[in-house]
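Throughout, a chain's letter reflects where its sequence line sits, starting with A, and its residues are numbered from 1.
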There are 2 protein chains.
Amino acid sequence: MNSNAKEEILAAGRRMAQAHGYGGLNFRDLALDVGIKHASIYYHFPTKADLGAAVARRYWEDTAAALDAISADISDPLDCLRLYPDTFRQALKNSNRICLCSFMAAEYDDLPEQVRAEIKTFADVNVAWLSRMLAAGGAVEDKAVDQRARAIFAAIAGAQLIARSRADIAVYDTLIEGYRAAGLLPR
Amino acid sequence: MNSNAKEEILAAGRRMAQAHGYGGLNFRDLALDVGIKHASIYYHFPTKADLGAAVARRYWEDTAAALDAISADISDPLDCLRLYPDTFRQALKNSNRICLCSFMAAEYDDLPEQVRAEIKTFADVNVAWLSRMLAAGGAVEDKAVDQRARAIFAAIAGAQLIARSRADIAVYDTLIEGYRAAGLLPR
DNA sequence: ACCTGAACACCGTTCAAGT
DNA sequence: ACCTGAACACCGTTCAAGT
């Protein structure tokens with residue numbers, strides 16, 4: 001267990017931050033979840049800022065891997081784009097959680113600089129992947145690709161946020177369908 | 001001053017909640033801002049839940065009034081829709097704050113039921129106004145009006161959230177322009 | 001190397017008591 | 001009616017001590 005502790009802290013920290021944010025991430029509940037004493041967490045992460053940054057970094061690393069897996073498995077970039085909303089849907093399915101970085105975006109004022117840097121990278125990773133799919137799919141003019149990628153990312157983050165506030169995943173599905181109907185997302 | 005205290009608490013509470021959320025709304029800083037002792041706030045609002053609900057209620061009441069003023073002043077519903085993103089832009093302009101209800105949507109898990117009810121009403125107020133404008137504008141099929149109204153509301157909330165995470169209002173403007181280019185918002 | 005008990009300082013929250 | 005002092009509870013952090 002001891003060699004796994006760091007990984008378990010990261011996993012539990014991610015779950016906690018996706019439900020309660022950086023402010024709601026606390027060493028005592030985290031320790032309870034992992035099954036160690038709260039002081040022990042400081043052995044692995046010297047400060048809360050370090051923990052938050054590590055959790056956010058692991059989060060975008062996992063997201064980048066998941067997106068790459070999609071585009072490696074599926075040859076049609078438009079099919080990849082059609083699957084993209086599902087990556088955000090999974091957080092809602094997991095006890096009405098949201099994207100860690102959306103939550104932390106709201107908490108921007110209270111975030112240590114190192115944490116801010118990681119959530120910026122999360123957005124960059126998503127926009128870069130969307131841009132690649134859009135460019136390869138050819139459904140959008142070249143000069144509009146970046147703008148459209150950013151619009152999709154922001155709109156989907158918003159849909160997830162609003163769906164959470166109703167604790168109803170059907171709200172998310174309806175919003176995504178609305179984006180498709182409006183032409184923001186490919187059919 | 002004492003008869004104004006309640007109003008000043010509401011105003012300061014709104015500012016604080018738009019920057020730090022319900023979790024970051026705290027009686028000590030609030031009291032410092034208003035100029036009374038922190039325990040005094042409990043005379044006006046028995047619990048934090050009461051304060052949060054009152055702040056959120058006042059927030060949607062103010063928003064409803066502002067939206068009604070727009071649609072009363074401007075006869076063309078499409079012009080009203082063109083102005084809608086500006087209501088969310090103002091929060092960002094005000095020290096990179098966001099919509100109180102977006103922040104609280106993220107905090108859903110930790111919200112008292114009475115606060116949840118108020119942020120639900122905020123969304124309802126916005127969607128109802130957008131639906132009226134869309135229906136009157138005739139730019140969207142009747143049966144798609146509600147879906148489009150919800151999509152616009154969620155997408156704009158998302159744009160505001162992402163712009164905050166960059167502390168850059170130009171990001172918001174670009175995202176809104178992206179929504180227009182994609183056909184989600186009227187040109 | 002990895003973990004723990006105990007303590008500290010700070011701050012949000014509460015409530016009985018003041019005027 | 002309106003406000004306050006003082007206590008309580010919690011949390012991030014530290015550190016000497018355990019295995």
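- When rounded to the nearest whole Å, the span between CG of A:Leu51 and C1' of D:dT13 equals 14 Å.
- The pairing partner recorded for C:dT4 is D:dA16, the criterion being a Watson-Crick or G-U wobble arrangement whose two distances lie under 3.5 angstrom.
- The side chain of B:His44 contributes an N or O atom lying less than 4.0 Å from OP1 or OP2 of D:dC3.
- Rounded to an integer number of Å, the gap from OH of A:Tyr42 to P of C:dA6 is 18 Å.
- One can place NE2 of A:His38 at 12 Å from P of C:dA6, the figure rounded to the nearest angstrom.
- In this structure, A:Lys6 is positioned above the aromatic face of A:Phe45, its NZ or CZ under 6.0 Å from the six-membered ring centre and within 45° of the axis.
- With ring centers used as reference points, A:Tyr42 lies under 6.0 Å from A:Phe27.
- For D:dT4, the OP1/OP2 oxygens have a side-chain nitrogen or oxygen of B:Ser40 closer than 4.0 Å.
- Look at NZ on A:Lys6: it is 13 Å from P on C:dA1, rounded to the nearest Å.
- Within 4.0 Å (heavy atoms only), B:Tyr43 reaches at least one base atom of the nucleic acid.
- Distance B:Asn26 CG to C:dT14 P: 13 Å, rounded to the nearest Å.
- Here C:dT13 presents its P atom at 13 Å from CG of B:Asp110, a figure rounded to the nearest Å.
- A donor-acceptor pair is defined here as one N or O able to donate and one able to accept, closer than 3.5 Å; no such pair exists between the side chain of B:Asn94 and the backbone of B:Arg97.
- Among the protein residues, B:Ile41 comes within range of no part of the nucleic acid, since none of its heavy atoms lies under 4.0 Å from any strand.
- Side-chain nitrogen and oxygen atoms of B:Lys37 include none within less than 4.0 Å of the OP1 or OP2 phosphate oxygen of D:dG5.
- Of the N and O atoms on the side chains of B:Arg14 and B:Gln18, at least one donor lies less than 3.5 Å from an acceptor on the other residue.
- Nucleotide D:dC11 forms a pair with no other nucleotide shown, judged by Watson-Crick or G-U wobble geometry with both contacts under 3.5 Å.
- When the P atom of C:dG12 is taken as reference, atom OH of B:Tyr22 falls 14 Å away, rounded to whole Å.
- Minimum atom distance to the side chain of B:Ala39 is reached by D:dG5, of the listed C:dG12, C:dA7, D:dG5.
- A:Phe122 and A:Tyr59 have their aromatic ring centers within a separation under 6.0 angstrom.
- If you take CZ of A:Arg28 and P of D:dC10, they are 9 Å apart, rounded to a whole angstrom.
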